[in-house]
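Reviewing the structure listed below.
Since the model is a prediction, treat every value here as computed from it, not as a measurement.
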Amino acid sequence: MRSRKSERQLRVGLRVHVICYVVAHVVLVVVWWLFTPQRFFWPLYSLVAWGIGLAFHFRAVSSPSRRA
């Protein structure tokens, strides 16, 4: 049987997820800006898709049922 992760471990995991999200999207936006600024803002697809996953991660970590 697996033990449940501690609250601290869950928060660290969420923090790592947020940092990866921000760094990856800064890189994507810089690449877009350097090479195709006059075209469609294509990093939007990744921002939205990964953002949905990040929102679910945040909700899972901060849900009240988790604390019970």
Side-chain angles (χ1 to χ4, degrees):
M1 185 169 147
R2 285 175 43 181
S3 62
R4 297 184 95 176
K5 289 185 175 182
S6 72
E7 187 74 24
R8 185 178 188 289
Q9 288 174 319
L10 293 171
R11 297 258 179 226
V12 168
L14 180 61
R15 187 172 299 132
V16 168
H17 193 172
V18 170
I19 290 169
C20 290
Y21 176 85
V22 170
V23 170
H25 287 97
V26 166
V27 170
L28 287 175
V29 170
V30 168
V31 168
W32 168 81
W33 182 70
L34 289 174
F35 296 105
T36 59
Q38 67 280 11
R39 297 198 181 202
F40 178 72
F41 183 67
W42 52 263
L44 179 66
Y45 296 121
S46 178
L47 281 162
V48 171
W50 195 345
I52 291 169
L54 186 59
F56 276 107
H57 191 169
F58 176 78
R59 184 170 182 242
V61 169
S62 64
S63 71
S65 64
R66 190 96 169 105
R67 296 183 191 140

Open item on the list: If I compare all heavy atoms of Val61 with all of Leu10, which pair ends up nearest, and what's the gap?
Closed with: CG2-O, 3.9 Å

TODO: Tell me, please, which residues at least two apart from Val23 pass side chain to side chain contact (heavy atoms under 4.5 Å, CB included).
DONE: Ile19

Open item on the list: Could you work out, with side chain to side chain contact (heavy atoms under 4.5 Å, CB included) as the rule, every residue matching Ile52, not counting sequence neighbours?
Closed with: Val48, Phe56

Task: For Ser46 against Leu28, the heavy-atom pair lying closest together - done: OG-CD1, 3.8 Å

TODO: Under the side chain to side chain contact (heavy atoms under 4.5 Å, CB included) rule, collect the residues that match up with Val31, sequence neighbours excluded.
DONE: Val27, Phe35, Trp42

- [ ] Mind checking side-chain hydrogen bond (donor to acceptor under 3.5 Å, both in side chains) for Trp33 and listing every partner two or more places apart, or none if nothing turns up?
- [x] none

Task: Distance in Å, Glu7 CD paired with Gln9 CD, rounded so as to fall on 0.5 Å steps - done: 10.5 Å

Open item on the list: Which residues pass the ring pair (Phe, Tyr, Trp, His ring centres under 6.0 Å) test with His25, not counting sequence neighbours?
Closed with: Tyr21, Trp50

Open item on the list: For the CZ atom of Arg15 and the SG atom of Cys20, what is their distance to the nearest 0.5 Å?
Closed with: 13.0 Å

TODO: Give a yes or no on whether Val12 and Leu14 share a hydrophobic cluster (residues Ile, Leu, Val, Met, Phe, Trp, Tyr; joining criterion: side-chain heavy atoms under 4.5 Å apart).
DONE: no

TODO: List for me each residue that meets ring pair (Phe, Tyr, Trp, His ring centres under 6.0 Å) alongside Tyr45, sequence neighbours excluded, and say none if there are none.
DONE: Phe40

